[in-house]
Amino acid sequence: MTDTILPPGQSVDKDRHDHHHRHSGDGCDGGDDAALLLQSQHADMAGNATVTPDTDPVGLIEAALARLVDDVGVLAEEDVVRAFSILKATDLPTYLRLRNAAKKANRDCSVTVLDNLVRDELSGSDDDASALDELVALARAQCQLHHDADRNAVAVIPMPSRREVWRVYSSGFEDWLRAAYWRAKEMGVPETTMKSALATLAAAGINDGDEIKVHVRAARCDDGYLIDLADEQWQAIHVTPQGWRVVNESPVYFTRTPSMRPLPMPVAHSDVGLLWPHTNIPAHSRVMVLAWLLDCFRPDTPFPVLELVGEQGSAKSTTQSVLRSLVDPNKVMLRGRPKTVEDVFVAAANNWLVSYENLSGLTPEQQDAFCTLATGGGFASRQLYTNGEEHVMETKRPVVLNGIAVVATRPDLIDRVIHVDLPTIAAEARRDDADTHAGWERNQPKVFAGLLDLFSAALAILPTVKLTQKQRMADFERLGEAVARALGFAPGEFQQQYAELVRAGIDRALESNAVAQALDKYIADRILPINWQGTAGQLYDLLNTHSIPDRSTWPRSPKGLADQLRRIAPAYRAKGIDITHLGHSRDGALWRITTQKQYATPPGVSHTSVGGIRYGEHK
């Protein structure tokens, strides 16, 4: 999605260049700016022998400036001159800033000599200029240039047997353009010329092209949904309430990332029940998992987060890989724990399904990030090489996580989680990875076709599903009810199961909260119904008398208690206890705690299980 050379519109932030995603600080005057610039990459560049003018001209120049302090001959070195020449041809603002930094680094050096050398280097580039014109003309003749809502350039490439859609700044489009030029001229394209051509084509798409919607893996259409197979023929699956079919050219624009891999081509003899021998999903959770799989193809609704929990040896990673291969196969099926919130959004920008394994815990900020991904939102940071622009990553993605212990501990995330406990696998029941992989390769097309059959059947039933009482993820609840009915379950049975899942999640959320532990003890000592009212300070003193095992997260003030009450109030409300902020008085913030009617279980739903009989055994 990005290139090593700066895209158009980006520049070095004065002398505080952040080429490798690290801030070097703010300078106060010219001398300090130069010093900071000289220090910015010296350590890294010293051990990096692979940097060349063509791959990283800015990094090479920064390393050269560090040596320029003691060696005025640096500016005449061949690689340094070529790096400056590349920047002058492709990014004049950066060239001028680094040229000025050279003057500040060593007043005895001659930038005039550098200018002459750069001029001589560029004077022999007439052939490059001609190649640039030919390259741009070739691309504009063979593809259509557009842009998306974020003004990112997009190339639509019609071909005799398919239509490809690439972002202009992508390895896919660059590879296509190089191949097209070779077919036309039987010549290669210099790196500098390619960068200039991409910049020119991107500008044409942004300023002259139409705005189009670009999708990844799944999209909503008028009568159903489209799923990108991501195969070499750029085919897609069109799913409607009447059935599904393979289409050679999607009516919407699908693009791809380098790590995406193709979904299996569905076959006529479908059987979604073949999924279960390849996973360790317990029988009572299978309908929930099927509903989650199908919901991953509905980008117009919020996504629940699937959480797989089990002890070591419960096939968590294997199960997660199998499930992902039915939604969004990827070069890296499972990723390790993200280090920052930005890592989560970068993964979401490059994957349809965000998949993390072996998590021992997530920070509150990371859990909030997964909440944002589930319902849609973005992450903003300072854009590299600019003075003040923001780089915003806005997206909505399905998520699957696994760990030995419960990963989702904050109430906001637990509300969005589909929690599945994986049973332990006995030693005699374990299978070799090679046999497991080979068996799944044989059955995957049948299972995928069975999913498509089930998706179509659920879409046909969905308009008839009316929920009188809804959980927070109401869209998923409706789809799950339709899926369950398509499988032969009684109306309301999925809603009952989902309500029990929500209730269990509420209990997990409160068990890990120190304020909730103290509040539970206070309520347990009282005769129902409860009707307490007072200030946050009074409640703080009241709850502070109860002992709890771990006080490391106990609020340090009544204000901290009030913040915790706001966070746990939805969970208590589902349990039938209303925690309400009444406003402020002269004595402080007023709160009321009362009992109410409980709605975690939908009214009128029978606890009797009927069981599903279609599409294999699911219960």
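What's counted below: heavy atoms across the whole structure, side chains too, no hydrogens, waters or symmetry copies.
With ring centers used as reference points, Phe476 lies under 6.0 Å from Tyr498. When ring centroids are compared, Trp352 and Phe297 stay outside the 6.0 Å threshold.
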Asp435 and His437: CA distance, side-chain angles, deciding distance, side chain to side chain donor-acceptor pair (under 3.5 Å) verdict: CA-CA 5 Å; Asp435 294 339; His437 181 75; over 6 Å; no
Assess the residue pair Leu145 and Cys143 against the criterion (side chain to side chain contact (heavy atoms under 4.5 Å, CB included)); give the C-alpha distance rounded to whole Å, side-chain angles, the decisive distance to 0.1 Å, and a yes or no. CA-CA 6 Å; Leu145 297 172; Cys143 70; 4.0 Å; yes
For side chain to side chain contact (heavy atoms under 4.5 Å, CB included), just list the numbers for Thr318 and Thr279, CA-CA rounded to whole Å, side-chain angles, deciding distance to a tenth of an Å, and then say yes or no. CA-CA 7 Å; Thr318 299; Thr279 62; over 6 Å; no
Assess the residue pair Thr55 and Thr52 against the criterion (side chain to side chain donor-acceptor pair (under 3.5 Å)); give the C-alpha distance rounded to whole Å, side-chain angles, the decisive distance to 0.1 Å, and a yes or no. CA-CA 5 Å; Thr55 60; Thr52 67; 2.9 Å; yes
Apply the test salt bridge (charged side-chain N to carboxylate O under 4.0 Å, His left out) to residues Asp295 and Arg298: give CA-CA distance (whole Å), side-chain angles for both, the deciding distance (0.1 Å), then the verdict. CA-CA 5 Å; Asp295 203 46; Arg298 299 204 306 162; 3.0 Å; yes
Run Asn350 and Thr257 through side chain to side chain donor-acceptor pair (under 3.5 Å) and show every step you take. CA-CA 6 Å; Asn350 290 276; Thr257 63; 5.4 Å; no
Asp56 vs Leu60, side chain to side chain contact (heavy atoms under 4.5 Å, CB included): CA-CA, chis, key distance, verdict: CA-CA 6 Å; Asp56 191 1; Leu60 191 144; 5.9 Å; no
Is there a side chain to side chain contact (heavy atoms under 4.5 Å, CB included) between Leu198 and Phe173 once you walk through the steps? CA-CA 9 Å; Leu198 292 177; Phe173 180 71; 3.7 Å; yes
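For the 3.5 Å distance criterion, the side chains of Asn443 and His278 qualify, holding a donor opposite an acceptor. A donor-acceptor pair shorter than 3.5 Å cannot be found between the side chains of Asn207 and His147. Under the 3.5 Å distance criterion, with hydrogens and angles disregarded, a donor-acceptor pair is assigned to the side chains of Ser270 and Asp453. A donor-acceptor pair shorter than 3.5 Å cannot be found between the side chains of Ser321 and Trp440. Side-chain atoms of Arg324 and Asn351 include a donor-acceptor pair closer than 3.5 Å.
When each of Trp166, Tyr253, Phe254 is checked for a ring-ring contact (aromatic ring centres under 6.0 Å, His included) with Trp234, only Trp166 meets the rule.
Within the 3.5 Å criterion, the main-chain N or O of Val332 finds a donor-acceptor partner in the side chain of Asn330. At least one donor-acceptor pair closer than 3.5 Å links the side chain of Thr255 to the backbone N or O of Val165. A donor-acceptor pair is defined here as one N or O able to donate and one able to accept, closer than 3.5 Å; such a pair exists between the side chain of Thr436 and the backbone of Asp432. Under the 3.5 Å distance criterion, the side-chain polar atoms of Arg416 are left unmatched by any main-chain donor or acceptor of Ala374. Side-chain atoms of Glu62 do not come within 3.5 Å of backbone N or O of Gly59 as any donor-acceptor pair. A donor-acceptor contact shorter than 3.5 Å is absent between the side chain of Arg140 and the backbone of Leu201. With Glu164 contributing its side chain and Pro158 its backbone, the two residues share no donor-acceptor pair below 3.5 Å. Formation of a donor-acceptor pair under 3.5 Å by the Ser355 side chain with backbone atoms of Met333 is found in this model. Not a single donor-acceptor pair under 3.5 Å links the side chain of Asn358 to the backbone N or O of Asn402.
Across all non-hydrogen atoms, the minimal contact from His146 to Val156 is CD2-CG2, 3.8 Å. Between Thr90 and Ser196, the closest heavy-atom pair is CG2-OG, 3.3 Å. Residues Tyr169 and Ala202 share a closest heavy-atom pair of CE1-CB, 3.7 Å. When all heavy atoms are compared, the tightest approach of Tyr181 to Leu135 is CD1-CD1, 3.5 Å. What you find for Val267 and Ala449 is that their closest heavy atoms are O-CB, 3.2 Å. Taking both residues in full, the closest heavy atoms of Ile61 and Ala83 are given as CG1-CB, 3.7 Å, listed atom of the first, atom of the second, then distance.
Proximity of Asp412 to Gln367: side-chain heavy atoms (C-beta onward) are nowhere separated by under 4.5 Å. A heavy-atom distance below 4.5 Å is not found between the side chains of Thr319 and Val322. Using a 4.5 Å heavy-atom threshold, the side chains of Leu401 and Val305 count as touching. Side-chain atoms of Val400 and Val354, non-hydrogen and from C-beta on, never get closer than 4.5 Å to each other. Within the 4.5 Å cutoff, the side chain of Leu451 has no heavy atoms near those of the Leu275 side chain. Put simply, the side chain of Glu307 reaches to within 4.5 Å of the side chain of Val406, judged on heavy atoms. Two residues are said to be in side-chain contact when any heavy atoms from C-beta on lie closer than 4.5 Å; Gln444 and Leu326 meet this criterion. Using a 4.5 Å heavy-atom threshold, the side chains of Leu306 and Val399 count as separate.
The pair Glu191-Arg178 meets the salt-bridge criterion, since a charged nitrogen lies less than 4.0 angstrom from a carboxylate oxygen. Taking 4.0 Å as the cut-off between side-chain N and carboxylate O, Asp328 and Arg217 count as a salt-bridged pair. Arg167 has a carboxylate O that lies under 4.0 Å from a charged side-chain N of Asp148, or vice versa, which qualifies the two as a salt bridge. Electrostatic pairing of Asp228 and Arg256 counts as a salt bridge here, judged by a charged N lying under 4.0 Å from a carboxylate O. Salt-bridge check for Arg162 with Glu249: failed, with every basic side-chain N at 4.0 Å or more from each acidic carboxylate O. For Asp271 and Lys446, the salt-bridge test fails: no basic side-chain N is under 4.0 Å from an acidic carboxylate O. A salt bridge does not link Arg337 to Asp343: none of the charged nitrogens lies less than 4.0 Å from a carboxylate oxygen.
For Glu357, the side chain to side chain donor-acceptor pair (under 3.5 Å) test picks out Ser317, with sequence neighbours left out.
Taking CD1 of Ile86 as the start and OG1 of Thr192 as the end, the distance is 3.5 Å to the nearest 0.5 Å. Here the CG atom belonging to Leu452 is positioned 12.0 Å from the NE2 atom belonging to His238, to the nearest 0.5 angstrom. To the nearest 0.5 Å, atom CD of residue Glu174 and atom CE of residue Met194 are 5.0 Å apart. Taking CH2 of Trp276 as the reference point, atom CD1 of Ile281 lies at 6.5 Å (rounded to 0.5 Å). In this structure, CZ in Arg183 is found 7.0 Å from CD in Gln142, a value given to the nearest 0.5 Å. Taken from CH2 in Trp244 to CD1 in Ile227, the straight-line distance is 10.0 Å, to the nearest 0.5 Å.
Shown here is Asp300, whose CG atom has more than 12 heavy atoms of other residues, nucleotides or ligands within 6.0 Å.
Relative to the ring axis of Tyr225, Arg220 places its NZ or CZ within 45° and under 6.0 Å from the centre.
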